[in-house]
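Only one structure is covered here, and it is reproduced in the block below.
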Amino acid sequence: MAECTGNDLQISRTRAKLVQWQIGNACNVSESEIGRWERDEALPEPDDVDRFAAACGDPTLWHRWMLSHYDSYRRRYINGSAEYNLPVLMARMRFELGDVLGLQDRVERDALDGKIDDRALKTQFIKELKEAIAALTDGLQELLKDEKGANNT
(Lines give C-alpha, C1' and ligand atoms only; values in the text may rest on other atoms or scores of the structure.)
Protein backbone atom coordinates (compact mmCIF):
# COMPACT_ATOMS: atom_id res chain seq x y z
CA MET A 1 0.00 0.00 0.00
CA ALA A 2 1.24 3.43 -0.85
CA GLU A 3 2.36 5.63 2.01
CA CYS A 4 -0.26 8.22 2.92
CA THR A 5 1.56 11.54 3.28
CA GLY A 6 0.86 15.19 3.75
CA ASN A 7 0.45 15.42 0.00
CA ASP A 8 -2.54 13.09 0.33
CA LEU A 9 -4.03 15.46 2.89
CA GLN A 10 -3.56 18.32 0.45
CA ILE A 11 -5.08 16.33 -2.43
CA SER A 12 -8.10 15.46 -0.29
CA ARG A 13 -8.52 19.11 0.70
CA THR A 14 -8.23 20.43 -2.85
CA ARG A 15 -10.62 17.78 -4.20
CA ALA A 16 -13.12 19.03 -1.61
CA LYS A 17 -12.47 22.59 -2.87
CA LEU A 18 -11.46 23.75 0.60
CA VAL A 19 -8.66 26.08 1.60
CA GLN A 20 -6.31 25.56 4.53
CA TRP A 21 -8.08 27.95 6.91
CA GLN A 22 -11.36 26.06 6.44
CA ILE A 23 -9.72 22.76 7.35
CA GLY A 24 -7.92 24.52 10.21
CA ASN A 25 -11.27 25.63 11.59
CA ALA A 26 -12.65 22.10 11.31
CA CYS A 27 -9.58 20.66 13.07
CA ASN A 28 -9.28 23.48 15.64
CA VAL A 29 -5.73 24.32 14.51
CA SER A 30 -4.17 27.20 12.62
CA GLU A 31 -3.98 27.50 8.86
CA SER A 32 -0.19 27.35 9.15
CA GLU A 33 -0.44 24.04 11.05
CA ILE A 34 -2.46 22.58 8.17
CA GLY A 35 0.35 23.73 5.86
CA ARG A 36 2.92 21.96 8.04
CA TRP A 37 0.90 18.74 7.91
CA GLU A 38 0.57 18.96 4.14
CA ARG A 39 4.34 19.53 3.76
CA ASP A 40 5.11 16.64 6.16
CA GLU A 41 6.78 19.06 8.58
CA ALA A 42 4.46 18.01 11.42
CA LEU A 43 2.43 14.87 12.12
CA PRO A 44 -1.23 15.38 12.99
CA GLU A 45 -2.84 13.31 15.71
CA PRO A 46 -5.32 10.61 14.62
CA ASP A 47 -8.27 12.73 15.84
CA ASP A 48 -6.98 15.64 13.74
CA VAL A 49 -6.87 13.42 10.66
CA ASP A 50 -10.38 12.20 11.47
CA ARG A 51 -11.67 15.78 11.56
CA PHE A 52 -9.66 16.61 8.41
CA ALA A 53 -11.20 13.63 6.59
CA ALA A 54 -14.71 14.49 7.76
CA ALA A 55 -14.34 18.09 6.58
CA CYS A 56 -13.16 16.89 3.18
CA GLY A 57 -15.79 14.18 2.89
CA ASP A 58 -13.04 11.60 2.34
CA PRO A 59 -14.17 8.44 4.18
CA THR A 60 -10.93 6.48 3.65
CA LEU A 61 -8.38 9.18 4.53
CA TRP A 62 -8.20 8.41 8.25
CA HIS A 63 -7.81 4.67 7.63
CA ARG A 64 -5.06 5.23 5.02
CA TRP A 65 -3.28 7.61 7.39
CA MET A 66 -3.42 5.15 10.26
CA LEU A 67 -2.13 2.30 8.08
CA SER A 68 0.77 4.47 6.96
CA HIS A 69 1.78 5.88 10.34
CA TYR A 70 0.84 3.50 13.15
CA ASP A 71 2.24 -0.03 13.49
CA SER A 72 -0.35 -0.94 16.10
CA TYR A 73 -3.14 -0.09 13.64
CA ARG A 74 -1.48 -2.09 10.84
CA ARG A 75 -1.09 -5.13 13.09
CA ARG A 76 -4.70 -5.04 14.16
CA TYR A 77 -6.34 -4.36 10.83
CA ILE A 78 -4.05 -6.01 8.32
CA ASN A 79 -3.19 -9.20 10.15
CA GLY A 80 -6.06 -9.06 12.59
CA SER A 81 -9.35 -10.85 12.72
CA ALA A 82 -11.20 -11.88 9.58
CA GLU A 83 -14.13 -9.58 10.35
CA TYR A 84 -11.91 -6.59 9.48
CA ASN A 85 -10.25 -8.15 6.45
CA LEU A 86 -12.90 -7.38 3.82
CA PRO A 87 -13.55 -3.76 4.85
CA VAL A 88 -9.81 -3.10 4.91
CA LEU A 89 -9.35 -4.66 1.48
CA MET A 90 -12.22 -2.61 0.06
CA ALA A 91 -10.75 0.62 1.45
CA ARG A 92 -7.32 -0.35 0.13
CA MET A 93 -8.74 -0.98 -3.35
CA ARG A 94 -10.45 2.42 -3.35
CA PHE A 95 -7.28 4.12 -2.16
CA GLU A 96 -5.05 2.47 -4.76
CA LEU A 97 -7.50 3.08 -7.59
CA GLY A 98 -7.75 6.70 -6.44
CA ASP A 99 -3.98 7.03 -6.81
CA VAL A 100 -4.21 5.75 -10.39
CA LEU A 101 -7.15 7.99 -11.23
CA GLY A 102 -5.33 10.96 -9.70
CA LEU A 103 -2.64 10.58 -12.37
CA GLN A 104 -4.87 9.44 -15.23
CA ASP A 105 -5.61 12.88 -16.74
CA ARG A 106 -1.94 13.85 -16.79
CA VAL A 107 -0.93 10.52 -18.33
CA GLU A 108 -3.65 10.77 -20.99
CA ARG A 109 -2.56 14.30 -21.95
CA ASP A 110 1.09 13.25 -22.12
CA ALA A 111 0.24 10.17 -24.20
CA LEU A 112 -1.65 12.06 -26.92
CA ASP A 113 1.39 11.86 -29.20
CA GLY A 114 1.63 8.09 -28.74
CA LYS A 115 4.21 8.04 -25.94
CA ILE A 116 4.64 9.29 -22.39
CA ASP A 117 7.44 11.86 -22.46
CA ASP A 118 7.47 12.70 -18.73
CA ARG A 119 9.61 9.89 -17.32
CA ALA A 120 8.86 10.74 -13.71
CA LEU A 121 5.12 10.67 -14.43
CA LYS A 122 5.47 7.35 -16.25
CA THR A 123 7.47 5.85 -13.36
CA GLN A 124 4.91 7.06 -10.80
CA PHE A 125 2.01 5.81 -12.92
CA ILE A 126 3.58 2.35 -13.29
CA LYS A 127 4.17 2.20 -9.52
CA GLU A 128 0.56 3.17 -8.79
CA LEU A 129 -0.77 0.69 -11.36
CA LYS A 130 1.22 -2.14 -9.76
CA GLU A 131 -0.09 -1.20 -6.31
CA ALA A 132 -3.67 -1.04 -7.63
CA ILE A 133 -3.31 -4.43 -9.31
CA ALA A 134 -2.00 -5.93 -6.06
CA ALA A 135 -4.90 -4.42 -4.08
CA LEU A 136 -7.47 -5.58 -6.63
CA THR A 137 -5.96 -9.06 -6.70
CA ASP A 138 -6.09 -9.30 -2.90
CA GLY A 139 -9.68 -8.06 -2.88
CA LEU A 140 -10.71 -10.47 -5.62
CA GLN A 141 -9.12 -13.40 -3.78
CA GLU A 142 -10.99 -12.50 -0.61
CA LEU A 143 -14.30 -12.17 -2.48
CA LEU A 144 -13.77 -15.47 -4.25
CA LYS A 145 -12.90 -17.12 -0.93
CA ASP A 146 -16.20 -15.83 0.50
CA GLU A 147 -18.04 -17.05 -2.60
CA LYS A 148 -16.40 -20.49 -2.42
CA GLY A 149 -17.35 -20.78 1.25
CA ALA A 150 -20.97 -19.86 0.46
CA ASN A 151 -21.12 -22.49 -2.29
CA ASN A 152 -19.89 -25.21 0.08
CA THR A 153 -22.67 -24.63 2.59
Side-chain angles (χ1 to χ4, degrees), residues 1-112 116-143:
M1 175 178 253
E3 180 79 11
C4 187
T5 66
N7 187 55
D8 294 290
L9 297 177
Q10 182 179 19
I11 289 168
S12 183
R13 177 182 56 77
T14 56
R15 282 186 182 154
K17 296 180 173 54
L18 298 171
V19 293
Q20 288 180 343
W21 69 262
Q22 291 171 307
I23 296 294
N25 284 348
C27 295
N28 298 316
V29 299
S30 68
E31 179 179 350
S32 62
E33 184 67 8
I34 298 299
R36 284 191 286 279
W37 295 349
E38 291 180 354
R39 291 187 304 273
D40 291 315
E41 295 172 357
L43 187 67
E45 294 294 322
D47 285 346
D48 293 326
V49 178
D50 185 48
R51 287 187 287 272
F52 195 110
C56 293
D58 186 343
T60 65
L61 181 62
W62 180 84
H63 176 71
R64 292 178 295 163
W65 186 268
M66 295 299 289
L67 283 173
S68 292
H69 295 279
Y70 294 95
D71 288 336
S72 59
Y73 188 81
R74 276 192 296 275
R75 280 192 306 274
R76 178 171 179 169
Y77 291 98
I78 296 269
N79 301 320
S81 79
E83 76 181 89
Y84 295 116
N85 203 30
L86 188 59
V88 169
L89 287 171
M90 294 298 112
R92 179 176 164 220
M93 288 178 0
R94 173 190 289 267
F95 173 50
E96 298 300 352
L97 288 171
D99 288 347
V100 170
L101 293 174
L103 295 172
Q104 186 69 33
D105 287 341
R106 289 177 50 208
V107 170
E108 286 178 16
R109 283 192 302 274
D110 194 346
L112 285 174
I116 299 173
D117 300 309
D118 184 336
R119 293 187 62 75
L121 176 62
K122 183 177 180 180
T123 299
Q124 181 68 23
F125 195 60
I126 289 169
K127 174 184 167 288
E128 298 302 345
L129 284 170
K130 287 178 179 179
E131 290 174 356
I133 289 168
L136 291 168
T137 300
D138 291 347
L140 179 60
Q141 288 174 346
E142 183 68 21
L143 290 170

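Numbers for residues simply follow the sequence, beginning at 1.
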Testing the basics here: between [X] and [Y], what is the closest heavy-atom pair and its distance to 0.1 Å?
X    : Y    : value
D118 : D110 : N-OD2, 2.9 Å
A42  : E33  : CB-OE2, 3.9 Å
F95  : D8   : CE1-OD1, 4.4 Å
C56  : S12  : CB-OG, 3.4 Å
W65  : G6   : CZ3-N, 4.1 Å
I116 : A111 : CG1-CB, 4.1 Å

Decide yes or no for [X] and [Y]: does some side-chain heavy atom of the first lie under 4.5 Å from some side-chain heavy atom of the second?
X    : Y    : value
D138 : E142 : no
M66  : H63  : no
H69  : E3   : yes
L103 : D99  : no
C4   : L67  : no
Q124 : V107 : no
S30  : R36  : yes
L136 : L97  : yes

Return the [atom1] to [atom2] distance between [X] and [Y], rounded to the nearest 0.5 Å.
X    : Y    : atom1 : atom2 : result
E131 : R92  : CD    : CZ    : 8.5 Å
E96  : T60  : CD    : OG1   : 10.5 Å
R39  : N7   : CZ    : CG    : 12.5 Å
L129 : Q104 : CG    : CD    : 8.0 Å
L61  : R15  : CG    : CZ    : 10.5 Å
L140 : L89  : CG    : CG    : 11.0 Å

- Task: Could you name each residue pair satisfying ring-ring contact (aromatic ring centres under 6.0 Å, His included) that touches residues 31-62, not counting sequence neighbours?
- Result: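 Sorted pair list: W62-Y73.
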- Query: salt bridge (charged side-chain N to carboxylate O under 4.0 Å, His left out) with R106: which residues, sequence neighbours excluded?
  - Reply: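 With neighbours one apart ignored, the set is empty.
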- Item | Name of the residue among D48, V29, I34 meeting side-chain contact (heavy atoms from CB on, under 4.5 Å) with I23 | I34
- Is any side-chain N of the basic residue among R64 and D58 closer than 4.0 Å to the acidic one's carboxylate O? yes
